[in-house]
Amino acid sequence: MIKINNSFKWMVPLLTLFLSCKEDNPVIRPKTLRPNHVVIISVDAPAEYKHLMAQDSVGKQILDSTGPYGMIPQNGFTYMDHMNNERKWIPKPNTRDTLTIETYSKFLELSTHNFFTSLKETFLIQNGDTVIITYSNLIPEAKVTNRKVNPLELNYNKFRLNKLFKNKYTSHFLVFGNLLVEEGIEDFDQRSIDYYLKAKEDYLRELALLDSLYQTSTISKENFDYRKDALDMLMESHKKVKAISKWLEQNQSLQDREKLKKPLQFDLAFSDSLMKFTFFRDYLDQISKYGLQRITKNNGGSGGTYIDSRTRFDSILADERFNQTTKNHLLFKSFEGIGQNFKVKDKEVYFQKLQQFTTNPEKLKEFQNKYNLDFSKSDILLLTNLANDTLTYNEVLQKNKGKWLYIDFWASWCKPCLENMPASIELKKSFEGKNIDFIYISSYDQKENWRNAIKKFGIGDSQHYFIENGNVSKVIEKLQVETIPHYLIYDPKGNLINGYAARPGQGAKEQLQELYDRIRS
């Protein structure tokens with residue numbers, strides 16, 4: 001018997017199977033059950049997952065459709081394939097779409113985002129199952145067609161949201177999400193602490209609910225342990241929130257009482273079996289950050305905090321607790337942090353290390369293609385225009401020599417960028433007939449979304465370019481384009497006059513007019 005987190009005895013290789021029997025389904029029925037495969041059928045997935053913050057409960061309809069909102073353009077489902085690669089499937093919207101997953105485990109986990117709770121929406125599916133996914137109020141619901149499964153057990157997350165939280169934002173979500181639904185950033189830390197204390201109460205309520213469901217045979221022992229461990233991991237993650245961590249340190253007696261509980265931990269000897277579960281991957285992510293202090297970055301009022309992923313990468317390599325499967329997963333995660341926050345020279349050094357130490361060539365190739373990690377082209381910024389012609393940033397400048405240039409670095413996913421577009425259109429109109437041109441350069445975007453946004457905002461008559469190698473280009477670093485939106489002004493000789501130009505509608509017109517008039521006079 002394996003002792004893992006007291007209750008995690010169900011992860012031994014010879015797992016007890018869920019009780020099953022055939023159940024006819026007149027709508028969708030597989031011709032034959034395929035061993036070592038799971039079939040997922042998505043029916044009419046939403047095209048987008050726009051959630052208004054003022055809508056505080058599932059299915060609530062509000063009259064005012066304006067104001068802040070959470071947007072998940074493509075929600076999709078995450079799972080681990082049989083090679084322990086994390087995959088994401090985004091079903092085609094408004095139609096029936098099918099995915100067949102090869103698996104050699106007893107069961108497979110599908111996870112997806114639920115805006116109302118920080119606990120992932122997860123479904124435990126048995127090897128050989130055919131599963132139909134339907135959607136209500138943008139939240140998926142699963143049904144197994146080839147055997148009898150209690151709907152509550154399969155769709156437990158939907159049940160708990162209704163039973164414990166009346167289909168409203170959960171206390172767990174509000175620990176960090178209260179800023180999205182309540183006014184006043186100055187009270188954010190105290191609200192996080194208050195919601196943490198409420199989350200502890202809700203945690204105990206949910207443990208009692210799970211125990212009741214198990215004792216009445218509503219859910220299986222396997223599902224009981226699985227849900228409890230996911231909940232334990234969620235509570236541990238709350239303690240990592242900066243305000244809560246600091247509060248626990250200041251309230252030492254309370255912290256001592258918290259430490260009386262055995263810290264959440266899993267037996268890493270069984271990592272290969274546990275890797276398929278979201279909460280275990282979250283656990284690995286947490287323990288592989290080694291308490292590294294966060295670095296704060298500020299670029300003109302925008303920025304963020306991050307740990308030194310270079311140190312993390314090297315520490316993972318040296319950590320004897322992790323087997324090669326675990327290291328493969330964590331090294332790729334760590335390199336993503338390097339890619340987001342460090343210079344090209346660091347990316348190149350650590351990508352070479354990744355090539356040397358990973359044993360997953362398939363994932364390495366996918367990773368290289370996804371992020372366009374061709375370091376032989378680091379000295380140029382490679383662009384594509386709307387006609388799919390390829391050219392460099394320097395060629396764009398040469399092509400436009402003799403003109404004033406106002407260059408807008410943006411992306412279709414960047415809310416401030418899009419909010420500035422109407423003002424950008426007006427700015428361009430105000431300089432019609434003058435020797436000033438406007439160039440839009442899309443950063444870290446998807447081409448289809450980029451093209452759609454250009455059409456949506458009616459800016460197709462300007463020059464548009466898509467960055468192909470932003471992850472490895474030293475040109476981006478030289479221009480110091482670290483956050484977007486970012487604006488540059490060039491004079492007719494091709495000189496960079498202002499590397500941090502004002503935004504449209506916020507001083508850009510005055511800056512351009514002053515420079516334009518100064519050169520003419």
Side-chain angles (χ1 to χ4, degrees), residues 73-74 335-336 338-340 342-348 350-352 354-355 364-414 417-418 421 424 428 435-497 499 501:
Q74 299 170 311
F335 185 82
E336 286 182 335
I338 296 171
Q340 290 170 4
F342 292 92
K343 300 292 185 183
V344 171
K345 63 180 182 180
D346 292 315
K347 297 177 191 178
E348 186 168 12
Y350 279 89
F351 187 67
Q352 289 173 354
L354 188 60
Q355 290 175 307
L364 185 68
K365 186 175 180 180
E366 288 180 6
F367 205 76
Q368 190 168 13
N369 291 336
K370 178 180 178 180
Y371 295 106
N372 204 358
L373 298 175
D374 183 355
F375 291 95
S376 68
K377 297 178 180 177
S378 291
D379 292 328
I380 63 173
L381 182 59
L382 199 61
L383 307 173
T384 301
N385 62 20
L386 289 170
N388 288 322
D389 300 320
T390 299
L391 65 169
T392 68
Y393 184 74
N394 284 339
E395 287 172 341
V396 170
L397 295 180
Q398 287 297 318
K399 171 185 171 184
N400 288 280
K401 212 163 188 180
K403 307 175 186 175
W404 283 94
L405 299 179
Y406 184 78
I407 300 182
D408 179 346
F409 285 85
W410 70 295
S412 66
W413 49 263
C414 168
C417 302
L418 302 183
M421 282 304 173
S424 181
K428 183 180 176 182
N435 192 34
I436 299 177
D437 214 341
F438 292 79
I439 296 176
Y440 298 85
I441 299 179
S442 181
S443 309
Y444 307 106
D445 212 339
Q446 295 183 17
K447 282 188 176 177
E448 183 179 356
N449 296 339
W450 166 61
R451 291 176 182 275
N452 289 339
I454 291 170
K455 292 177 183 177
K456 178 179 179 179
F457 286 94
I459 53 176
D461 57 343
S462 300
Q463 293 186 50
H464 289 277
Y465 300 97
F466 183 93
I467 296 178
E468 297 286 358
N469 68 331
N471 286 305
V472 299
S473 176
K474 294 176 182 176
V475 176
I476 288 285
E477 291 181 359
K478 186 177 179 181
L479 294 172
Q480 297 183 309
V481 181
E482 297 182 339
T483 60
I484 55 174
H486 190 104
Y487 304 90
L488 309 177
I489 298 176
Y490 283 84
D491 70 11
K493 294 181 180 179
N495 299 315
L496 180 59
I497 299 298

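Throughout, numbering of the chain's residues begins at 1 and tracks the sequence. Owing to the predicted nature of the structure, the values given are computational and were not obtained by experimental measurement.
Here the side chain of Asn385 pairs a donor or acceptor atom with the backbone of Ala387 at under 3.5 angstrom. Not one N or O on the side chain of Glu348 forms a donor-acceptor pair closer than 3.5 Å with the backbone of Phe375. Side chain of Glu395 to main chain of Thr392: a donor-acceptor pair is present (N/O by atom type, distance under 3.5 Å, no hydrogens or angles). The backbone N or O of Asp445 lies less than 3.5 Å from no partner atom in the side chain of Ser442, so there is not a single donor-acceptor pair. Checked by atom type and distance alone, the side chain of His486 never pairs as donor or acceptor with a backbone atom of Ile407 at under 3.5 Å.
A pairwise comparison of heavy atoms in Trp404 and Ile497 identifies CZ3-CG1, 4.3 Å as the closest pair. When all heavy atoms of Glu336 and Phe367 are compared, the pair lying nearest together is CG-CZ, 3.6 Å. Minimum heavy-atom separation, Ser378 to Val472: OG-O, 3.0 Å. Contact between Ser462 and Phe438 at its shortest, heavy atoms only, is CB-O, 3.7 Å. The minimum heavy-atom distance between Tyr465 and Lys399, with the atom names listed, is OH-NZ, 3.3 Å. Here the closest heavy-atom approach between residue Glu468 and residue Leu383 is recorded as CG-C, 4.3 Å.
For the atom pair CD of Gln355 and CD of Gln368, the computed distance is 6.0 Å after rounding to the nearest 0.5 Å. Between the CG atom of Leu381 and the CG atom of Asn469 there is a distance of 5.5 Å, given to the nearest 0.5 Å. In this structure, the separation between CG on Leu418 and OG on Ser412 is 7.0 Å, given to the nearest 0.5 Å. Rounded to the nearest 0.5 angstrom, Ser424 OG and Tyr440 OH are separated by 2.5 Å. Separation of atoms CD1 (Ile380) and OG (Ser473) is listed at 7.5 Å; rounding is to 0.5 Å. Between the CG atom of Leu382 and the CG atom of Asn372 there is a distance of 7.5 Å, given to the nearest 0.5 Å.
Taking 4.0 Å as the cut-off between side-chain N and carboxylate O, Asp437 and Lys428 do not count as a salt-bridged pair.
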Apply side chain to side chain contact (heavy atoms under 4.5 Å, CB included) to Leu373 and Asn471, showing your working. CA-CA 7 Å; Leu373 298 175; Asn471 286 305; 4.3 Å; yes
Audit row: Tyr393, Ile441, side chain to side chain contact (heavy atoms under 4.5 Å, CB included) steps and yes/no: CA-CA 10 Å; Tyr393 184 74; Ile441 299 179; 3.7 Å; yes
Checking Leu405 against Leu397 for the side chain to side chain contact (heavy atoms under 4.5 Å, CB included) test, could you report, in this order, the C-alpha distance in whole Å, the side-chain angles of both residues, the deciding distance, and whether it holds? CA-CA 9 Å; Leu405 299 179; Leu397 295 180; 4.1 Å; yes
Could you give me the CA-CA distance, side-chain angles and deciding distance for Gln446 and Trp413, then say whether side chain to side chain contact (heavy atoms under 4.5 Å, CB included) is met? CA-CA 9 Å; Gln446 295 183 17; Trp413 49 263; over 6 Å; no
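The salt bridge (charged side-chain N to carboxylate O under 4.0 Å, His left out) search around Lys343 returns none, not counting sequence neighbours. A search for ring-ring contact (aromatic ring centres under 6.0 Å, His included) contacts involving Tyr487 returns Tyr406, not counting sequence neighbours. When the side-chain contact (heavy atoms from CB on, under 4.5 Å) test is applied to Ser443, the partners found at least two apart in sequence or on another chain are Phe409, Ile467, Ile484.
Gln463 and Asn400 form a side-chain donor-acceptor contact under 3.5 Å, judged by distance and modelled atom types alone. Between the side chains of Ser376 and Asp374, a donor-acceptor pair is found at a separation under 3.5 Å.
Side-chain contact between Leu364 and Leu354 is present, with at least one heavy-atom pair separated by less than 4.5 Å.
By the 6.0 Å and 45° rule, Lys447 stacks over the aromatic ring of Phe466.
Residue Lys403 qualifies as enclosed at atom NZ: its count of foreign heavy atoms under 6.0 Å is above 12.
Taking the six-membered ring for Trp and the full ring otherwise, Phe351 and Phe335 have centroids separated by under 6.0 Å.
The aromatic rings of His464 and Trp450 lie perpendicular to each other, with more than 60° between the two planes, well past the 30° mark.
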